[in-house]
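Structure, as structure tokens:
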Amino acid sequence: MNTQPQHPDSATDWNVILEDYLERMWGLHSRPELGRRALGAAGWDWQLWQAGRELPGQYPKVDGPTPATAGCDVYLATQIYAQGGHTALIGDFVRALDGDEGGRSHVVATNIHGHNKPNVAENVRHRLGLPLDHITILDGPSPADRLGQLVRRLRDLQPRRLFLFHHPEDPLACMVAHPDFAPECIMVHHADGTPSFGLYLPGVKLIELNPIAAAMSRLAGLDPALLPLTSPDPGPRPSGFLARGNLVTASSGTQNKFTRPHAYGYAETVGRVLQATGGWHLHVGPLDTEMLARLHQSLERANVPADRLIHVPWVPSLARCLWDHGCDLYLSSFPVDGARTNIEVFASATPHLRHTTRADDRMIDGGLTWRTWDDLAATLATLAHRGVLEERSRLMRRVYDKHHHPRVFAQSLGLILAGGSDRVDPLESHWDTHVLRSMIKSLTSSLVKQAGRMEVLEAEVARLRAESDRLAGSRGLRASLARWWRGPSAGG
């Protein structure tokens, strides 16, 4: 397949290019040896960016009065959601830069997979903090049609800043990250566990949202700014702990955060937790009937009453839900952690416990960690005391106030956009070493697997040669087989 983009003259040509790059990135996502590492593809970014240089000529500026939206901020996403941290994060940016009214910002969703419906639900609008006429869902029948709609929308809005919140596999962002469409382009790298388009775009500022992602970008030769996540301040915790006598634990997240292959299944872990605590477990977020059945089967095996599991599919505020249910301890989702959800938990002053696979893993933001079910049970026993929970609660809230409060987030974002940063990570060298070791481990593992495949292939070739000798039975037939294997000669 040709890696150089054509210079398209029609929508059909654009479709060929866009669908080609979509397939390439999906192929990269399917490589298990990469693990959950947000690598970029500099060549692909450059090729898409170069192809996008054709767009200003195909969609020139229209003479006329300057629109009222000129100088606004545009947030370019692939989809917008009623659940999860991605759409809420865009809302955090809107509030930080516009205030609570969100009067200057617009969101455009490329909808390249066609998953968003044209009508935006009220809860989605509320998460973005924008009026409905500031939210555009592209609805063209093909990627090329959506590209054309996107360029025309940018021409109409005339933004000063374009914030890229696209999904990793969406190539449209790379096509329009040009000064002709917005003088400033900023990529907010929210999906930092997946290879992505856009990390190497010329002249685009890169914002990473956690120290490990920032270390990975530095290892790749990039110069990211670090902006820790935020969530709205729900106010002080209204009540104490162990109001129901035994621990009330909770987890939150969409199903995909809990169902990937892992040494410890979520359903089995919940059964172990309730067996150890004699309390209740709250799950906030959508779960299908199969997962709910597995959870109840796990409780049955552990001789735990079914009513000890509480399921709340959706809430407008996680903090208030945790308070309403008297939650004493939050168990972070695994194997996929919920980064912004964790910040909501810190804001609620709820003690926090997350899973890790590393014996030397540091506590994240003051939270506790567990590695095995025995380790988990022992940790739960130490936390079943009101004084211990109160101290962990104070620590969580201090972390939120110092690093994740909206006031701190707005100040840090403003400095980053102005060309500076007040964010100095004292553990930067630790994270750099951690990422380097992780990459070396993955590279070694990949090479061993490749060597193993070669050994299997060589053994199979040797077996086939032996079988060929046995079947051929004569030198003449072996010579014929050899000629057939080599293919016809130049004169044959």
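For the single chain, residues carry numbers from 1 onward in sequence order.
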Notebook entry, point to check: How far does CG of L292 sit from CD of Q255, to the nearest 0.5 angstrom?
Noted result: 8.0 Å
Note to self: Under a 3.5 Å distance rule, please check whether H404 uses its side chain to pair with a backbone N or O of I343 as donor and acceptor.
What the structure shows: no
Next item on the list: Search all heavy atoms of R146 against all heavy atoms of G114 and return the closest pair with its distance.
Entry: NH2-CA, 3.8 Å
Next item on the list: Taking S348 for its side chain and V345 for its backbone only, find out whether a donor-acceptor pair lies under 3.5 Å.
Entry: yes
Next item on the list: Using the six-membered ring of W280, assess whether NZ or CZ of R244 lies under 6.0 Å from its centre and within 45 degrees of the ring axis.
Entry: yes
Notebook entry, point to check: Taking the six-membered ring where the residue is Trp, are the ring centres of H86 and H167 under 6.0 Å apart?
Noted result: yes
Margin query: Could you report the tightest heavy-atom contact between H403 and P228, atom names first, then the distance?
Written below: O-CB, 3.9 Å
Notebook entry, point to check: Quick check: are there more than 12 heavy atoms from other residues, nucleotides or ligands sitting under 6.0 Å from NE2 of H126?
Noted result: no
Item checked: Enclosure of R394 CZ (heavy-atom neighbours >12, cutoff 6.0 Å) -> yes
Notebook entry, point to check: Quick one: does S252's side chain get under 4.5 Å of Y330's, heavy atoms only?
Noted result: yes
Checklist line | Step-by-step side chain to side chain donor-acceptor pair (under 3.5 Å) determination, R153 to T136 | finding: CA-CA 9 Å; R153 186 59 175 151; T136 302; 3.1 Å; yes
Notebook entry, point to check: Between E268 (side chain) and S298 (backbone), is there a donor-acceptor pair under 3.5 Å?
Noted result: no
Checklist line | Side-chain touch H106/I135, heavy atoms, less than 4.5 angstrom | finding: no
Note to self: Restricting to non-hydrogen atoms, name the atom on D45 and the atom on F197 that form the minimum distance, rounded to 0.1 Å.
What the structure shows: OD1-CA, 3.5 Å
Margin query: Show, in sequence, the C-alpha distance, side-chain angles and deciding distance for L147 and T110, and conclude whether the side-chain contact (heavy atoms from CB on, under 4.5 Å) test is met.
Written below: CA-CA 8 Å; L147 176 61; T110 69; over 6 Å; no
Notebook entry, point to check: Does the D328 side chain pair with the main chain of L242, one donor and one acceptor, at a distance under 3.5 Å?
Noted result: yes
Notebook entry, point to check: Which is it for W314 and N123 under the side-chain contact (heavy atoms from CB on, under 4.5 Å) test, yes or no, and what are the steps along the way?
Noted result: CA-CA 11 Å; W314 183 85; N123 59 343; 4.0 Å; yes
Check: Considering all heavy atoms of both residues, which atom of G235 and which atom of D233 are nearest to each other, and what is their separation?
Finding: N-OD1, 2.8 Å
Notebook entry, point to check: CG of L154 to CG of L76: how many Å apart, nearest 0.5 Å?
Noted result: 7.0 Å
Check: For the residue pair H115 and N111, what are the closest heavy atoms and their distance?
Finding: N-OD1, 3.1 Å
Check: Counting distance only, does the side-chain N/O of H190 pair as donor-acceptor with the main-chain N or O of H166 below 3.5 Å?
Finding: yes
Item checked: Student check: side-chain heavy atoms of T230 and V408 closer than 4.5 Å -> no
Notebook entry, point to check: Is it true that the side chains of N256 and T254 contain a donor and an acceptor less than 3.5 Å apart?
Noted result: yes
Checklist line | N116 CG to I137 CD1 distance, which is reported to the nearest 0.5 Å | finding: 4.5 Å
Next item on the list: Go through the steps to decide whether R24 and D20 satisfy the test salt bridge (Lys or Arg N to Asp or Glu O under 4.0 Å), and finish with yes or no.
Entry: CA-CA 6 Å; R24 292 188 197 190; D20 175 21; 2.9 Å; yes
Notebook entry, point to check: Does the pair R340 and E344 meet the rule for a salt bridge (Lys or Arg N to Asp or Glu O under 4.0 Å), with working shown?
Noted result: CA-CA 7 Å; R340 189 180 184 277; E344 295 182 74; 3.5 Å; yes
Margin query: For H355 and W373, I'd like to know if the aromatic rings sit close, meaning centre-to-centre distance below 6.0 Å.
Written below: no
Notebook entry, point to check: Between Y400 and F346, does a ring pair (Phe, Tyr, Trp, His ring centres under 6.0 Å) hold up when you go through it step by step?
Noted result: CA-CA 6 Å; Y400 171 78; F346 298 166; 8.2 Å; no
Note to self: Are more than 12 heavy atoms, taken from residues, nucleotides or ligands other than E300, located less than 6.0 Å from that residue's CD atom?
What the structure shows: no
Checklist line | cation_pi(R237, F241) dist<6.0 Å, angle<=45 | finding: yes
Check: Is L282 close to L309 at the side-chain level, that is, under 4.5 Å between some pair of heavy atoms?
Finding: no
Notebook entry, point to check: Measuring from L389:CG to L247:CG, what's the distance to the nearest 0.5 Å?
Noted result: 6.0 Å
Notebook entry, point to check: Between F163 and F93, is a ring pair (Phe, Tyr, Trp, His ring centres under 6.0 Å) present by the stated rule, with each step listed?
Noted result: CA-CA 10 Å; F163 291 91; F93 271 70; 5.8 Å; yes
Item checked: Electrostatic pair D92-R95, nearest N-O below 4.0 angstrom -> yes
Margin query: Using modelled atom types and a 3.5 Å cut-off, is there a donor and acceptor pairing between side-chain atoms of D337 and backbone atoms of A339?
Written below: no
Next item on the list: Apply side-chain contact (heavy atoms from CB on, under 4.5 Å) to the pair L380 and L329, showing each step before the final yes or no.
Entry: CA-CA 9 Å; L380 292 171; L329 175 66; 3.5 Å; yes
Check: If we only count heavy atoms from C-beta on, is the L206 to S217 side-chain gap below 4.5 Å?
Finding: yes
Check: Quick one: which of I186, L128, V94, L130 gives a side chain to side chain contact (heavy atoms under 4.5 Å, CB included) with Y75?
Finding: V94
Margin query: Is there a side-chain contact between M396 and T350 in this structure, where contact means two heavy atoms from C-beta onward sitting under 4.5 Å apart?
Written below: no
Notebook entry, point to check: Roughly how far, to the nearest 0.5 Å, is the CG atom of N119 from the CG atom of L132?
Noted result: 9.0 Å
Next item on the list: Decide side chain to side chain donor-acceptor pair (under 3.5 Å) for S105 and D98; before the verdict, give the C-alpha distance in whole Å, the side-chain angles of both, and the deciding distance to 0.1 Å.
Entry: CA-CA 7 Å; S105 294; D98 289 5; 2.6 Å; yes
Next item on the list: With the side chain counted from C-beta on, respond yes when H189 and P224 share a heavy-atom pair under 4.5 Å apart, and no when they do not.
Entry: no
Item checked: Worked verdict on H281 versus I310 for side-chain contact (heavy atoms from CB on, under 4.5 Å) -> CA-CA 6 Å; H281 183 76; I310 305 162; over 6 Å; no
Next item on the list: Without swapping roles, check the side chain of N342 against the backbone of S332 for a donor-acceptor pair under 3.5 Å.
Entry: no
Margin query: Just so I know, are the side chains of I112 and L22 near enough to count as touching, which here means a heavy-atom distance under 4.5 Å?
Written below: yes
Next item on the list: Carefully, step by step, assess Y21 and W26 under the rule ring pair (Phe, Tyr, Trp, His ring centres under 6.0 Å).
Entry: CA-CA 9 Å; Y21 280 97; W26 275 330; over 10 Å; no
Note to self: We want to know whether H283 and S251 form a side-chain donor-acceptor pair, criterion being a heavy-atom distance below 3.5 angstrom.
What the structure shows: no
Next item on the list: Heavy atoms only: give me the nearest V315-C321 pair and the separation to one decimal.
Entry: CG1-SG, 3.8 Å
Check: Are R397 and D401 ion-paired here, with the side-chain N under 4.0 Å from a carboxylate O?
Finding: yes
Next item on the list: Drop me the distance from S333's OG to Y266's OH, to the nearest 0.5 angstrom.
Entry: 9.0 Å
Next item on the list: Decide, yes or no, whether a salt bridge links R386 with E390 under the criterion of side-chain N to carboxylate O below 4.0 Å.
Entry: no
Notebook entry, point to check: Got a donor-acceptor contact below 3.5 angstrom from the D170 side chain to the T78 backbone?
Noted result: no
Check: Does G265 offer a backbone N or O that forms a donor-acceptor pair with the side chain of T269 under 3.5 Å?
Finding: yes
Checklist line | Side-chain (R127) to main-chain (Y81) donor-acceptor, under 3.5 angstrom | finding: yes
